[in-house]
Chemist: 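Before anything else, here's the structure in question.
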Amino acid sequence: MRKLRFAVSGAALAMLVLAASVYSHSVYAQDEAAIVWPTRQWQTSTPEEQGMDSAALAKLLDFGATRSLDSLLLVRHGRIVLDAYYAPYAADIPHRINSATKAVVGTLVAIARKDGLLDSFDHPMLDFFGDRTIANVDDGKKAITIQNLLDMTSGLDWKEPLDGRPDTMIEMSREQDWTQFVLDRPMSSTPGDIFNYNSGGPHLLSAIIAKLAGMNTADYAKAKLFGPLGISVSNWWRDPQGIPIGGFGLALLPRDMAKIGYLYLRNGQWENTSLLPLDWIDKVNHATVNMNMPRAPDLRYSNLFWALPEKNVYIADGYHCQLIMVLPRLDIVAVTTARDFCPLGRLADLIAGAVKSETALPPDAAGANLLAEKIRELSTEKATEVGATPEIASVISGKTYKFPANALGVKSLSLTLVDPNPHYDLQAYARDRGRQLLQSSDPIGLDGLYRKGQPTASGIFATKGKWLNDKTFEIEREAVGMDELQKWTLSFDGDRLNLRSKDREGRDVSVDSEPGG
């Protein structure tokens with residue numbers, strides 16, 4: 001930040017501080033009549049009409065390609081100025097937003113407070129679970145408040161480092177009662193003292209919302225947040241008890257993610273209704289909880305949002321760059337969905353660098369053409385190389401290979417490759433006892449291009465395959481919009497098939513088919 005190079009009187013300084021406080025929310029907050037509300041649909045604009053440079057946004061899209069983005073959307077002054085989708089992802093496919101789900105849960109807690117369902121953010125957490133017998137209760141656990149859960153300063157013993165293996169979250173996912181698992185954790189520090197990333201706390205908040213509202217969190221979201229904002233497409237994973245997962249698992253369209261950011265940009269106001277307490281927005285915008293990250297010492301946290309206070313940016317942040325980024329001083333909301341990590345500060349700087357004026361710029365035909373061509377280029381899938389089709393393709397085509405229980409979850413697999421419509425049939429072991437086997441039959445591209453299957457409860461799968469040699473076939477199977485890419489190597493030897501891939505925790509797995517197919 002630039003420093004003032006002149007002295008000011010105490011009164012003048014007070015006026016500057018007040019002006020900065022107002023300005024930090026949104027430079028356009030004063031002119032209520034000019035605010036555009038995208039409840040039914042977003043209005044669009046050229047970047048130049050909103051003071052942004054098209055050529056700079058084209059470079060931003062190149063940056064996104066190096067970070068495996070699925071989408072990049074920018075809103076300035078209430079209008080979409082950039083709306084780009086990287087193939088094979090597309091605008092009409094909900095995207096799993098991973099831990100950005102936490103910020104949505106926090107928003108619902110704020111709505112419950114605004115509506116009077118929650119009396120105080122300082123309310124002790126255990127009061128909401130008086131019907132349970134909880135282990136390791138001591139004075140520390142009794143002192144945990146809703147605010148501690150919102151700031152990830154509960155003091156519960158939890159191992160989920162942002163730069164390492166999330167051991168406790170994995171352990172929770174194997175339990176039948178996630179809420180009980182979190183409540184039973186011992187204490188490792190005094191509530192309020194230390195930030196410790198913890199997906200269990202937001203799950204407790206999801207359970208608390210259900211108790212306060214008399215309906216599950218997803219239904220409350222539809223009634224109080226998604227409905228007013230005009231968000232109609234969403235799905236949300238649930239734990240074994242049926243509670244929408246508080247720490248991850250929500251899927252939204254990028255344009256609807258932007259609506260949530262826009263609600264914050266407009267200080268919790270939506271059309272003629274105040275949905276969020278103003279002090280909630282202020283706390284997010286001026287986050288103070290140190291996240292204690294040596295590689296990113298400027299990061300702060302508050303109310304389940306990340307923040308870069310020096311850049312006046314706060315973010316709903318999900319694993320692998322699922323972001324709702326709010327830049328209040330520039331009147332911008334940015335949304336990314338992706339399949340890899342991205343540097344938050346660098347992304348914020350690139351977005352800010354594309355802003356050239358607070359008012360409209362002259363039209364830039366060359367820049368507009370460059371940006372349009374870049375969007376067309378990245379939305380068009382490029383074929384990868386494929387090997388020659390060996391004779392064995394006709395031998396194994398249509399044959400079903402069955403597998404014993406394995407870490408990949410594959411029960412049986414059949415490839416139909418010598419056919420006008422190549423496809424595969426997959427049967428997977430159910431992850432939980434009592435559930436039915438998962439079955440899918442989807443097209444497979446043999447020309448270096450993905451083929452998308454029909455939407456299922458597990459999402460949309462896009463698949464392509466290629467021969468590596470005369471006995472080895474490789475499959476790439478992407479769960480589009482779910483931040484999941486499976487790469488399987490299939491080695492054929494007589495009646496046997498060896499399948500190699502990585503399990504959900506990144507470990508190498510090799511499994512042989514059963515004798516006799």
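Side chains are part of it too, since the values below use all heavy atoms of this structure and drop only hydrogens, waters and symmetry mates.
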Chemist: Taking the side chain as C-beta and beyond, is there a heavy-atom pair between M52 and I332 under 4.5 Å?
Modeler: yes

Chemist: Once you round to the nearest 0.5 Å, how far does CG of D483 lie from OG1 of T337?
Modeler: 9.5 Å

Chemist: Output the distance between atom OG1 (T39) and atom CD1 (I231), rounded to the nearest 0.5 Å.
Modeler: 10.0 Å

Chemist: Stepwise, does the salt bridge (Lys or Arg N to Asp or Glu O under 4.0 Å) test hold for D298 with K311?
Modeler: CA-CA 10 Å; D298 296 335; K311 297 181 184 295; over 6 Å; no

Chemist: Nearest 0.5 Å, what's the CG-OG1 distance between D442 and T463?
Modeler: 5.5 Å

Chemist: If we only count heavy atoms from C-beta on, is the V326 to I315 side-chain gap below 4.5 Å?
Modeler: no

Chemist: Between F226 and W236, how do the two ring planes meet: parallel, tilted or perpendicular, split at 30° and 60°?
Modeler: tilted

Chemist: Apply salt bridge (Lys or Arg N to Asp or Glu O under 4.0 Å) to the pair D70 and R339, showing each step before the final yes or no.
Modeler: CA-CA 7 Å; D70 285 333; R339 290 162 284 111; 2.8 Å; yes

Chemist: So Y264 and T107, side-chain hydrogen bond (donor to acceptor under 3.5 Å, both in side chains) or not? Walk me through it.
Modeler: CA-CA 10 Å; Y264 275 81; T107 302; 2.6 Å; yes

Chemist: Does atom CZ of R295 have more than 12 heavy-atom neighbours from other groups under 6.0 Å away?
Modeler: no

Chemist: Could you state the interatomic distance from OG (S232) to CG (D256), rounded to the nearest 0.5 Å?
Modeler: 6.5 Å

Chemist: State which residue, out of L499, L426, L490, fulfils the side-chain contact (heavy atoms from CB on, under 4.5 Å) condition with I475.
Modeler: L490

Chemist: So, for S501 and W488, which heavy atoms are closest and what is the spacing to 0.1 Å?
Modeler: OG-CD1, 3.1 Å

Chemist: Could you check V81, L60, L57 and say which one makes a side-chain contact (heavy atoms from CB on, under 4.5 Å) with L371?
Modeler: L57

Chemist: Between Y220 and L117, is any pair of side-chain heavy atoms under 4.5 Å apart?
Modeler: yes

Chemist: For Q43 and I80, indicate whether the former's side chain and the latter's backbone hold a donor-acceptor pair under 3.5 Å.
Modeler: no

Chemist: Any sub-3.5 Å donor-acceptor pair from K382's side-chain atoms to E377's backbone N or O?
Modeler: yes

Chemist: Taking CZ in R346 as the centre, count heavy atoms belonging to other residues, nucleotides or ligands within less than 6.0 Å. Is the count above 12?
Modeler: no

Chemist: Tell me the closest heavy-atom pair linking G247 and K102, and the distance in Å.
Modeler: O-NZ, 2.8 Å

Chemist: Any donor and acceptor pair, going by atom type alone, linking the side chain of N196 with main-chain N or O of W158 inside 3.5 Å?
Modeler: yes

Chemist: Report yes if some heavy atom in the side chain of Y85 is under 4.5 Å from a heavy atom in the side chain of I375; otherwise report no.
Modeler: no

Chemist: So do the side chains of N98 and D317 get within less than 4.5 Å of each other, counting heavy atoms only?
Modeler: no

Chemist: If you take all heavy atoms of V233 and P94, which pair is closest and at what distance?
Modeler: CG1-CG, 3.5 Å

Chemist: Which atom names give the shortest non-hydrogen contact between E385 and K466, and what distance separates them?
Modeler: O-CD, 3.4 Å

Chemist: Could you tell me whether a side-chain N or O of D331 sits under 3.5 Å from a main-chain N or O of H77, the two making a donor and an acceptor?
Modeler: yes

Chemist: Keeping the roles fixed (side chain from D282, backbone from H286), state whether a donor-acceptor pair exists under 3.5 Å.
Modeler: no

Chemist: For D508, which of K487, R500, K502 qualifies under salt bridge (charged side-chain N to carboxylate O under 4.0 Å, His left out)?
Modeler: K502

Chemist: Is it true that the NZ or CZ of R266 lies under 6.0 Å from the centre of W37's six-membered ring and within 45 degrees of the ring axis?
Modeler: no

Chemist: Please walk me through it: do E160 and S199 pass side-chain hydrogen bond (donor to acceptor under 3.5 Å, both in side chains)?
Modeler: CA-CA 8 Å; E160 192 182 344; S199 291; 2.6 Å; yes

Chemist: Taking the side chain from S206 and the backbone from H203, do they hold a donor-acceptor pair closer than 3.5 Å?
Modeler: no

Chemist: Treating K374 as the side-chain partner and A58 as the backbone partner, does any N or O pair qualify as donor plus acceptor under 3.5 Å?
Modeler: no

Chemist: How close do A258 and L73 get, counting heavy atoms only, and between which atoms?
Modeler: CB-CD2, 3.8 Å

Chemist: Mind running side-chain hydrogen bond (donor to acceptor under 3.5 Å, both in side chains) on N303 and Q147 for me, showing each step along the way?
Modeler: CA-CA 7 Å; N303 290 346; Q147 190 63 59; 2.9 Å; yes

Chemist: Identify the two heavy atoms, one from W42 and one from V75, that lie closest to each other, and give their separation to 0.1 Å.
Modeler: CZ3-CG1, 3.6 Å

Chemist: Side chains of H320 and S68: closer than 4.5 Å at any heavy-atom pair?
Modeler: no

Chemist: Nearest 0.5 Å, what's the CG-CG distance between L149 and L204?
Modeler: 6.0 Å

Chemist: What distance separates M257 CE from S71 OG, expressed to the nearest 0.5 Å?
Modeler: 6.5 Å

Chemist: Answer yes or no: is there a donor N or O on one side and an acceptor on the other, between the side chain of K464 and the main chain of D447, under 3.5 Å?
Modeler: no

Chemist: Should L323 and L344 count as side-chain neighbours, where that means a heavy-atom distance under 4.5 Å?
Modeler: yes

Chemist: Mind telling me whether F121 and W280 have parallel, tilted or perpendicular rings, with 30° and 60° as the class edges?
Modeler: tilted

Chemist: Regarding D53 and K59, does a basic nitrogen lie under 4.0 Å from an acidic carboxylate oxygen?
Modeler: no

Chemist: Is the backbone N or O of L449 less than 3.5 Å from a side-chain atom of R451, with the two atoms forming a donor-acceptor pair by type?
Modeler: yes

Chemist: Could you please spell out the steps behind the ring pair (Phe, Tyr, Trp, His ring centres under 6.0 Å) verdict for F248 and Y319?
Modeler: CA-CA 9 Å; F248 54 91; Y319 184 81; over 10 Å; no

Chemist: Among P161, S99, P166, which residue satisfies the side-chain contact (heavy atoms from CB on, under 4.5 Å) criterion with Y197?
Modeler: S99

Chemist: Assess whether side-chain hydrogen bond (donor to acceptor under 3.5 Å, both in side chains) is satisfied between D425 and S441, documenting all intermediate values.
Modeler: CA-CA 4 Å; D425 295 282; S441 179; 2.8 Å; yes

Chemist: If we ignore hydrogens and angles and just use 3.5 Å, is the side chain of K452 paired with the main-chain N or O of P88 as donor and acceptor?
Modeler: yes

Chemist: Tell me whether N272 at atom CG has more than 12 heavy atoms from other residues, nucleotides or ligands lying less than 6.0 Å away.
Modeler: no

Chemist: Side-chain contact, heavy-atom cut-off 4.5 Å: Y89 with E478?
Modeler: no

